[in-house]
Amino acid sequence: MLGMIRNSLFGTVETWPWQVLSTGAKEDVSYEERACEGGKFATVEVTDKPVDEALREAMPKVMKYVGGTNDKGIGMGMTVPISFAVFPNEDGSLQKKLKVWFRIPNQFQSNPPVPSDESIKIEERESITVYSTQFGGYAKEADYITQARQLRTALEGAATYRGDIYFCTGYDPPMKPYGRRNEVWLLKT
């Protein structure tokens, strides 16, 4: 636990590599189209729990892994954003399922430490292109649903994206009270 806290407060922070392809806005919604680099990710999947509760279970596992609870005992530093996939129902509500994705820092991409927690998997993920919108505050499930709905409305007739999944992202440690950055990413088809 101490490694996790030390890492989040004093460790290095690396941004997940992406390139902005275009920007747009409609009404009060600004968005970017981004090409996000693939790579190796530490993942944790939680089912049968509402999103906020599932995050409270999954995030500490990922943070401990990054902080040194791995076969090498090394704190790797952070990458931002940490993202999690959610799966919407037809009415816009979210299924009781999520998957947290933490991009392994570049230094460890070729040989990531093995997680001590068996619920953490290391997966290879292809590059993705997303439509992203940004918002502040301590984001909860309802905020992500609202932001996703607004982004879909802004993209209506201008872009195609998957409707069965989207990503919610966060850039800040939990102890940062102001200037927080969150995003919703719709996957371009």
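Counting from 1, the numbers follow the sequence of the chain as shown.
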Determine the minimum heavy-atom distance between [X] and [Y], stating which atoms define it.
{"X": "L155", "Y": "L186", "result": "CD1-CD1, 3.8 Å"}
{"X": "L98", "Y": "A54", "result": "CD2-CB, 3.6 Å"}
{"X": "V114", "Y": "Y65", "result": "C-CE1, 4.1 Å"}
{"X": "A42", "Y": "I120", "result": "CB-CG2, 4.0 Å"}
{"X": "N182", "Y": "G137", "result": "ND2-O, 2.8 Å"}
{"X": "P112", "Y": "I104", "result": "CB-CG2, 4.1 Å"}

key: Qualifying residues under salt bridge (Lys or Arg N to Asp or Glu O under 4.0 Å), relative to K176, sequence neighbours excluded   = D172
Those residues that, when tested against R56, pass salt bridge (Lys or Arg N to Asp or Glu O under 4.0 Å) (two or more places apart) = none
Test of understanding: with side-chain contact (heavy atoms from CB on, under 4.5 Å), list the residues that count as partners of [X], not counting sequence neighbours.
{"X": "A58", "value": "V44, V46, V100"}
{"X": "N111", "value": "K72"}
{"X": "S110", "value": "none"}

inquiry  = I'd like to check L94 versus P88 (side-chain heavy atoms, cut-off strictly below 4.5 Å). Are they in contact?
reply    = yes
ask   = Side chains of M63 and F102: closer than 4.5 Å at any heavy-atom pair?
value = no
task = Working to the nearest 0.5 Å, report the span between CD of E14 and CG of N106.
result = 4.0 Å
inquiry  = So, taking the atom named NZ in K26 and the one named OH in Y31, what distance separates them when rounded to the nearest 0.5 Å?
reply    = 8.0 Å
ask   = Is V13 reachable from W101 through a run of hydrophobic residues whose side-chain heavy atoms are each under 4.5 Å from the next?
value = yes
inquiry  = Please determine whether residues I165 and V51 belong to a single hydrophobic cluster, defined as Ile, Leu, Val, Met, Phe, Trp and Tyr linked transitively by side-chain heavy-atom distances below 4.5 Å.
reply    = yes
key: Residues in ring pair (Phe, Tyr, Trp, His ring centres under 6.0 Å) contact with F135, at least two apart in sequence or another chain   = Y144
task = Determine yes or no for a side-chain-to-main-chain donor-acceptor pair under 3.5 angstrom, with N89 supplying the side chain and G92 the backbone.
result = no
query = Do any pairs count as a side-chain hydrogen bond (donor to acceptor under 3.5 Å, both in side chains) and have a residue in residues 150-166, sequence neighbours left out, and if so which ones?
reply = T160-T189, R162-D164
key: Residue pairs fulfilling ring-ring contact (aromatic ring centres under 6.0 Å, His included) with at least one residue in residues 168-189, sequence neighbours excluded   = W16-W185
task = Could you list all the ring-ring contact (aromatic ring centres under 6.0 Å, His included) pairs where at least one residue sits in residues 111-132, not counting sequence neighbours?
result = none
Please output the side-chain donor-acceptor pairs of residues 34-41 that fall under 3.5 Å, not counting sequence neighbours, one pair per line with the distance.
residue, atom, partner, partner atom, Å
R34, NE, E32, OE1, 2.7
R34, NH1, E183, OE1, 2.9
R34, NH2, E32, OE1, 3.0
R34, NH2, E183, OE2, 2.8
E37, OE2, R103, NH2, 2.9
K40, NZ, Q109, O, 3.1

ask   = Is there any salt bridge (Lys or Arg N to Asp or Glu O under 4.0 Å) pair reaching into residues 73-100, and which pairs are they, with sequence neighbours excluded?
value = K99-E123
Taking distance alone, no hydrogens or angles, what donor-acceptor pairs closer than 3.5 Å link side-chain atoms of residues 18-25 to residues at least two apart or in another chain?
residue, atom, partner, partner atom, Å
S22, OG, E33, OE1, 3.0

